[in-house]
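Atoms within a ligand are numbered from 1 in the order they appear, just like the ligands themselves.
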Amino acid sequence: MTRRRYVIAIDGPAASGKSSTAQMVAEKLGYLHVDSGSLYRAATAAMLRTEPDATRWTEHGVLAAARPVELRAARTSFYPVLDGRAIEDEIRGGVVTRNVSRVAQMPRVREWVNDRVREAAEANDVVVDGRDMGTVVFPDADLKIFLVADSRERAARRLRQRGTPTSEQMLDDETIRINERDARDARQTVPAADAVIIDTTGLSQQEQVEQIVSLSKQRSG
Ligand code: CDP
C-alpha cells in the first residue's frame with residue numbers, strides 16, 4: 001500500500017528525550033504520536049506475566065504473550081493495551097526496563113512491532129519515535145531526526161522525570177544502567193544517512209521541540 005500521510009521519525013539512544021519530544025511535536029502539529037518502545041515494553045510486560053524468569057523466554061513465547069496487545073488511539077497519541085486494559089505503569093517499571101532489550105533482539109518481535117507502528121501511520125499523520133524508525137520502519141519518512149545527548153545528562157533527566165530526591169550515587173548508577181542499555185541496543189540505534197542529528201545536551205525541551213517543528217514546516221512548506 002502507498003503511504004500518503006506525513007511521517008516524522010525521531011530516533012535516538014535511551015533517555016535521549018525522544019518520547020516526550022515526539023509527543024510535544026505531535027501536539028504542536030496536530031499529528032498523533034506513536035512510541036514504538038511502548039510496544040517492546042508491552043510485549044515484555046505480557047511475557048513477564050506468563051514467565052517471570054527471563055532466561056526461559058523464547059521468541060515464540062514472546063510473540064504468543066504479545067498477541068493480545070493492541071495499540072489504541074487517544075486524542076494526541078497511541079498507547080498500548082493488554083487484554084483491553086492500559087498498562088502504562090507496568091511498562092515503565094524497572095523489571096520491564098531491565099528485560100526489554102532481550103525482547104528487542106528477537107527479529108520476529110521486531111516485525112510484530114513494525115507492523116503495528118505502520119498500521120498506526122496508515123490513517124494518520126504521525127510522529128513516531130524509537131531507534132530504527134528512520135532506517136527500517138519508515139525509510140521514506142518526510143523528516144528524520146536523531147537525538148543524542150551525553151549519557152550523564154540523560155541519566156539526570158531520567159531521575160528528574162521520576163520526581164524523587166536523588167544523590168550523586170544514584171546519578172552514577174543510572175548513568176551505568178543507561179550505558180549498558182545503549183550497548184545492548186547499539187545494533188539498531190544508528191542514524192539514517194539523511195537524518196538531522198540534534199545534540200540536546202545543552203538544549204531545553206522547548207528548544208528541541210521548536211527546532212523539529214520548524215524543520216518540519218520548512219520541509220512541508
Ligand atoms: O526511551 P527509552 O530509551 O527508555 O526506551 P524506549 O524507547 O521506551 O524503548 C525501550 C527499549 O525498546 C529499548 O531499550 C530498546 O531495546 C527497544 N526498542 C528498540 O529496539 N527499537 C525501537 N524502535 C524502540 C525501542
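Protein residues with a heavy atom closer than 4.0 Å to ligand 1 are Ala14, Ala15, Lys18, Ser36, Gly37, Tyr40, Arg41, Arg92, Val100, Ser101, Ala104, Arg110, Gly130, Arg131, Asp132, Met133, Arg158, Arg181, Asp185, Gln188, listed by chain and number.
At least one donor-acceptor pair closer than 3.5 Å links the side chain of Asp199 to the backbone N or O of Thr201.
For the residue pair Gln23/Glu27, the side-chain donor-acceptor check at 3.5 Å is satisfied. At a cut-off of 3.5 Å, with distance as the only test, no side-chain donor of Thr166 or Arg158 sits close to an acceptor on the other residue.
Contact detail for Ala54 and Asn99: the closest heavy-atom pair is CB-OD1, 3.3 Å.
Counting heavy-atom neighbours within 6.0 Å of Asp89 CG, excluding the residue itself, gives a total of 12 or less.
Side-chain contact between Asp125 and Leu32 is absent, with no heavy-atom pair separated by less than 4.5 Å.
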